[in-house]
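Worksheet for the structure shown next.
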Amino acid sequence: MDKKIKIALVFGTRPEAIKMCPLVKRLEQNPKFDVVTLVTAQHRNMLDSVLELFDVTPKYDLDLMKPNQNLWNLSSEILLKTKEVFEKERPDLILVHGDTTSASMSALSAFYSRIKIAHVEAGLRTFDKNYPFPEEINRVIVDSVSDLMFCPTDKAVENLNVSGIKTGIHKTGNTVIDALFYTLKNNKDKANIDFLNLNPDLKTILLTSHRRENFGEPLKNICSAAVELVKKYNDIEIVYPVHPNPNVQNTVLPMLKGIERVKLIEPLDYAPFCALMKKSHIILTDSGGVQEEAPSLGVPVLVLRDETERPEAIEFGTVKLVGAHKDKIIQNVSLLLDNKEEYDKMSKSANPYGDGKACSYIEKIILDYFGIA
Ligand code: UD1
Ligand code: UDP
């Protein structure tokens, strides 16, 4: 094949950008590919900060984010606007990532245009359509129209097999580990967190929460647990980069603003966020990406959900599910703060989600798929 393989990488939110930009860079370096980057901008400022960090300039930017957007409008806009780009560019393959509205609607749009589809971070499942909502169904949609599926782990491969998908499945590891290693190595200057003025005498507990299932009462429970924890322990400081989604802000700010040793901050750029994860004593989160990154940094993670599609680190022992239940959160944080043996058991550093070379494995699989050595 003399012609270059035209690949369109399509993404729109912060976590997708973190996990796709290393792949954009990798494929752009290979003259066998003609790389087109298309961002939906489902997220705006959080997406832009990642594009800037990785120095990626999209060829197409649909600029779709609206304040407090809803699934119906966003989905239909993505379907309609990606169609225009796909029909103009006619890529040989589009790559989408994970389980967002950008991923599911771009994949469906490419399927309607009869363009081949590859799914990065394929095969994650809880097998419960409501958890996480709507991401579980987004993953099912993307995998059901994909020609190539890049699975982070054996479990993800098995999930696709039991779903009846038999071909196009490859285990590659998760590109988030490529992103993490790249950022820790190459962005030391940008990883400075002095501006946070963290108290060096206090243990940092990092908190993030943004999942739709946690909106309302569950998020209130998480905030109440934070208040109780700083009351109970005078040697901890909780640092919470608050997601800009109004459903998060409107609960968190009234409950936690002004509470001593609870530091509410804007979302951090990825490099300082990695530095903050590394410095943290414990991480409390409902984020998917953070569950995958933290095992590399040796920081125990308590997941603010009742289930996870990322069970590998739980089996490995560095991550534990505590749900969004106030008492359970307090009890498990207390266990880690009070019991060194329990803490040491959870702070091993090794990562079941990848070896940092997922992008190169994916590159090779795509070349093989198109019959190029
Ligand atoms: C989305 C994804 C979720 C992913 C999360 C990562 C879906 C259905 N949800 O949820 O799977 O875990 O991103 O963070 O695809 N906003 C800003 N600036 C930004 C980003 C968001 O102001 O840069 C605000 C806007 O008001 C926006 C709202 O947050 O309307 C919600 O954004 P949206 O992407 O719809 O939902 P997330 O909760 O971010
Ligand atoms: N992250 C970041 N800044 C923050 C919070 C998170 O850069 O203030 C990174 C984090 O390291 C991870 C990704 O964003 O790579 C996770 O995004 P998020 O939690 O929004 O989404 P999810 O992974 O749950 O889909």
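First listed ligand is number 1; within each ligand, the first listed atom is number 1. Numbering of residues begins at 1 and proceeds along the displayed sequence. These numbers come from a predicted model, not from an experiment. In what follows, every heavy atom counts, from backbone to side chain, and hydrogens, waters and symmetry copies are set aside.
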field: N174-E292 side chain donor-acceptor pair, cut-off 3.5 Å
entry: yes
- prompt: Any chance the side chains of T175 and E121 put a donor and an acceptor closer than 3.5 Å?
  reply: no
Starting from [atom], what is the nearest protein heavy atom, named by residue and atom, and what distance separates them?
| atom | answer |
| --- | --- |
| atom 20 (O) of ligand 2 | R14 NH2, 2.8 Å |
| atom 25 (O) of ligand 2 | P15 CG, 3.5 Å |
| atom 15 (O) of ligand 2 | E293 OE2, 2.6 Å |
| atom 3 (N) of ligand 2 | L268 O, 2.8 Å |
| atom 20 (C) of ligand 1 | H43 CD2, 3.2 Å |
| atom 4 (C) of ligand 1 | H210 NE2, 3.9 Å |
| atom 16 (C) of ligand 2 | S287 OG, 3.5 Å |
| atom 10 (O) of ligand 1 | R212 NH1, 4.1 Å |
| atom 34 (O) of ligand 1 | Q42 NE2, 2.9 Å |
| atom 24 (O) of ligand 2 | G288 N, 2.8 Å |
| atom 35 (O) of ligand 1 | Q69 NE2, 2.9 Å |
| atom 23 (O) of ligand 2 | G289 N, 2.8 Å |
| atom 18 (N) of ligand 1 | N45 OD1, 2.7 Å |

Non-hydrogen atom of M46 closer than 4.0 Å to ligand 2: no
message: I'd like to know whether ligand 2 has E266 as a neighbour, heavy-atom separation below 4.0 Å.
response: no
With a heavy-atom distance limit of 4.0 Å, tell me whether [X] approaches ligand 1 through its side chain, its backbone, both, or neither.
| X | answer |
| --- | --- |
| T101 | both |
| S287 | neither |
| M65 | side chain |
| P134 | side chain |
| P132 | neither |
| L71 | side chain |
| E135 | side chain |

message: I'd like to know if the side chain of D269 reaches the main chain of A271, judged simply by a donor and an acceptor atom lying under 3.5 Å from each other, with no hydrogens or angles considered.
response: no
message: For the backbone of E342 and the side chain of N339, can you confirm whether one donor and one acceptor N or O come within less than 3.5 Å of each other?
response: yes
For ligand 1, is there an N or O atom under 3.5 Å from any N or O atom of [X]?
| X | value |
| --- | --- |
| M46 | yes |
| T13 | no |
| T100 | no |

- prompt: Can you list the atoms of ligand 2 that are under 4.0 Å from a heavy atom of M277?
  reply: 11 (O)
Residue among L51, L9, V10 satisfying side-chain contact (heavy atoms from CB on, under 4.5 Å) with P58: L51
Which of the atoms of ligand 1 are close to [X], meaning less than 4.0 Å from one of its heavy atoms?
| X | answer |
| --- | --- |
| P246 | 26 (O) |
| N68 | 25 (C), 26 (O), 27 (C), 30 (O) |
| H243 | 14 (O), 37 (P), 38 (O), 39 (O) |

Min N/O separation [X] to ligand 2 under 3.5 Å:
| X | value |
| --- | --- |
| T208 | no |
| F273 | no |
| I18 | no |

field: F86 ring center near Y112 ring center (under 6.0 Å)
entry: no
